[in-house]
Amino acid sequence: MFVDGVKIYVKGGDGGDGMVAFRREKFVANGGPAGGDGGKGGSVVFEVEEGLRTLVDFRYKRHFKGNPGENGMSKGMHGHGAPDYVVPVPPGTIVKDADTGELLADLITHGQRAVVAKGGRAGRGNRRFATPANPAPEISENGEPGQERNLELELKVLADVGLVGFPSVGKSTLLSVVTAARPKIADYHFTTLTPNLGMVDTPDHRSFAMADLPGLIEGASLGVGLGHQFLKHIERTRVIVHVIDMAGTEGRDPYDDFLKINEELSQYNYRLLERPQIVVANKMDMPGAEENLVTFKEQIEDKYPVFAVSALTKTGLSNMLLEIANKLETTEYFPLNEEPTEDQIVMYKHEAEKPEFEISRGSDAVWVLSGSEIERLFAMTNFDREVSVTRFTRQLRSLGVDQALRYRGAKDGDTVRIIEFEFEFMD
Ligand SMILES: Nc1nc2c(ncn2[C@@H]2O[C@H](COP(=O)(O)OP(=O)(O)OP(=O)(O)O)[C@@H](O)[C@H]2O)c(=O)[nH]1
Ligand SMILES: [Mg+2]
């Protein structure tokens, strides 16, 4: 688990002021009160958007103010209330009052909402203050100021993928080249003492959280090295990425490494071996690695997919990431027996950009495209005219949508949906 935290300021919109006004009619000496009420101020509301994975947007924008309600008007007209200011947050966002520490909301499921700063109530116009004793009051109310608060947002996410392997095989290096995380990298054992977490964005725009777990050694299940502490982290990940130094830099045999680590995993919890495992043959840039890989593949037979990469020269990474994302899509979450402890929480700063679009599968097996850029283009297209439809499909292609759909397995004739518009996928 990692925590991403930010502090922000929120303020609900002020309520609109009520008005003091009187009717002016011909031949009526003293018209009655006619000042309308103000409108209510807009609240600041957080809403879970499941496509979001980080709080990175809040690093750039830290002030959120609801719009004020309109003031009341003469002739008894009320001011309009301001709409709520809805701010999307990722699932797993915990909202606390930064000054009191009070927990305000724990936002988990898509669409879940929390009002974090209430808009002010509207002020009443003088019409509301008329009584038999005072039929022409000159008073009105001002709108209530919106609620104001400093908030602390935290995001708690579990790693989807854990990198396991002997010390110094390049787990942290690998994490550093596929995410924005900057873990410590060095040529001595146990460089990593607590897991670092990064967000991966695959070439076809899927994302998942990856952790570089501390190195395992023989006997870890008995507590040797950093032992149990580390195996506990692995229990929390859905897919195991087993990193192997294919060059045998430290004189060990790669296949022997593979067996030993898996033995430790199964000693700790035999069910860990039921988890999908992807083997990453790292350090392929080193002499001897190619020959070792040939032997290794014969030994491992076809039991696990093997990806030959070099974290150092950044080769072979795309296919590896696509396979991990595929495995994640077909793997359930594993129930945890206990709450994570403090030592499993590490800070993580992520500056990656949001993908331009996302592809998901609707319950009716239709491919669903979403994302602000696609939705903007969609909104600007007049679907009554064929030329503009053609232009739209061209725009999608240039965003890489066609290619990504094909990657995900879309076939000619499949239905693709954007908002409520559906079309047929064709190469
Ligand atoms: N030649 C080569 N060296 C690599 C590669 N990947 C990592 N290294 C080097 O291997 C050493 C160990 O890398 P780390 O990423 O710290 O290894 P680790 O698996 O995280 O190690 P621990 O945290 O100690 O378990 C460093 O000196 C890296 O520069 C690679 O693909 N090729
Ligand atoms: Mg490391």
Side-chain angles (χ1 to χ4, degrees), residues 1-2 159 161-200 209-221 223-234 236-237 239-265 268 277-293 296 306-321 324 343-349:
M1 171 172 287
F2 77 105
V161 178
L163 300 173
V164 306
F166 268 83
S168 297
V169 295
K171 301 177 294 295
S172 302
T173 311
L174 195 58
L175 181 77
S176 74
V177 293
V178 298
T179 74
R182 291 291 167 259
K184 188 168 167 195
I185 293 167
D187 59 1
Y188 55 83
H189 287 192
F190 301 117
T191 309
T192 305
L193 296 176
T194 50
N196 302 287
L197 218 123
M199 235 36 215
V200 177
M210 178 186 266
D212 67 336
L213 302 174
L216 274 176
I217 53 172
E218 209 175 342
S221 58
V224 179
L226 295 157
H228 274 157
Q229 229 178 312
F230 297 161
L231 285 155
K232 245 191 340 211
H233 295 302
I234 300 166
R236 299 172 194 287
T237 62
V239 168
I240 293 175
V241 172
H242 193 151
V243 185
I244 292 185
D245 175 353
M246 198 46 71
T249 321
E250 298 186 2
R252 295 186 313 266
D253 173 60
Y255 188 62
D256 202 40
D257 273 13
F258 172 76
L259 295 178
K260 280 193 174 129
I261 294 292
N262 275 343
E263 179 58 22
E264 292 306 324
L265 294 182
Y268 178 72
Q277 190 174 125
I278 289 165
V279 178
V280 171
N282 190 32
K283 306 201 184 180
M284 289 306 294
D285 57 286
M286 299 271 286
E290 288 296 343
E291 294 88 315
N292 287 349
L293 181 65
F296 184 85
V306 180
F307 289 88
V309 310
S310 165
L312 199 72
T313 61
K314 302 185 189 172
T315 45
L317 302 174
S318 295
N319 287 338
M320 173 193 81
L321 294 179
I324 296 171
D343 72 298
Q344 282 147 353
I345 296 173
V346 287
M347 289 301 291
Y348 160 72
K349 291 180 184 60

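Sequential numbering from 1 along the given sequence is applied to the chain's residues. Keep in mind that the numbers below use all heavy atoms, side chains included, and drop hydrogens, waters and symmetry copies. As the structure is a prediction and not an experimental result, all values here were calculated from the model. Whatever order the structure lists ligands and atoms in, that order sets their numbers, starting from 1.
The nearest heavy-atom contact from the protein to atom 29 (O) of ligand 1 is Ile185 CG2, 4.1 Å. Protein heavy atom at the shortest distance from atom 12 (C) of ligand 1 is Ala186 O, 3.2 Å. Ranking protein heavy atoms by distance to atom 25 (O) of ligand 1, first place goes to Lys171 NZ, 2.9 Å. Of all protein heavy atoms, the one closest to atom 27 (O) of ligand 1 is Asp187 CB, 3.6 Å.
Side chains of Met320 and Val280 form a contact here, defined as non-hydrogen atoms less than 4.5 Å apart. Within the 4.5 Å cutoff, side-chain heavy atoms of Leu175 are placed close to those of Met210. Looking only at side-chain heavy atoms (C-beta outward), Lys283 and Met246 stay at 4.5 Å or farther from each other. For the pair Leu321 and Val178, the minimum side-chain heavy-atom distance is below 4.5 Å. Contact of the Ile278 side chain with the Ile240 side chain is not registered, since no non-hydrogen atoms from C-beta on lie closer than 4.5 Å.
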Mind running side-chain hydrogen bond (donor to acceptor under 3.5 Å, both in side chains) on Ser172 and Asp212 for me, showing each step along the way?
-> CA-CA 5 Å; Ser172 302; Asp212 67 336; 2.6 Å; yes
Hey, mind stepping through Val306 and Leu293 against side-chain contact (heavy atoms from CB on, under 4.5 Å) and telling me if it holds?
-> CA-CA 9 Å; Val306 180; Leu293 181 65; 4.1 Å; yes
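Relative to atom 9 (C) of ligand 1, the option among Lys283, Lys184, Met246 with the closest non-hydrogen atom is Lys283. Scanning Gly165, Gly170, Ser168 for the heavy atom closest to atom 21 (O) of ligand 1 points to Ser168.
At least one N/O-N/O distance between Asn282 and ligand 1 falls below 3.5 Å. Residue Val169 has at least one N or O atom closer than 3.5 Å to an N or O atom of ligand 1.
At a heavy-atom cutoff of 4.0 Å, ligand 1 is contacted by both the backbone and the side chain of Thr173. Heavy atoms of Met284 found under 4.0 angstrom from ligand 1: none, in either backbone or side chain.
Atom numbering of ligand 1 starts at 1 in the shown order; those under 4.0 Å from a heavy atom of His189 are 24 (O). Within ligand 1, the atoms closer than 4.0 Å to a non-hydrogen atom of Met286 are 1 (N), numbered from 1 in the order shown. Ligand-side atoms of ligand 1 in range of Asp285: 1 (N), 2 (C), 30 (C), 31 (O), 32 (N), range being under 4.0 angstrom from any heavy atom. Distances below 4.0 Å separate heavy atoms of Tyr188 from the following atoms of ligand 1: 24 (O).
Contact analysis leaves Asp212 out of contact with ligand 1, as no non-hydrogen atom separation drops below 4.0 angstrom.
Ionic pairing of Arg252 and Asp256 is not present here: no N-O contact between side-chain nitrogen and carboxylate oxygen is shorter than 4.0 angstrom.
Checked options Asp257, Val169, Asn262; the residue passing with His242 is Asn262 (criterion: side-chain contact (heavy atoms from CB on, under 4.5 Å)).
Note that NZ of Lys314 and OG of Ser176 are 7.5 Å apart. Values are rounded to the nearest 0.5 Å.
Among the atoms of Thr173, none of the N, O or S atoms falls under 2.8 Å from the Mg ion (ligand 2).
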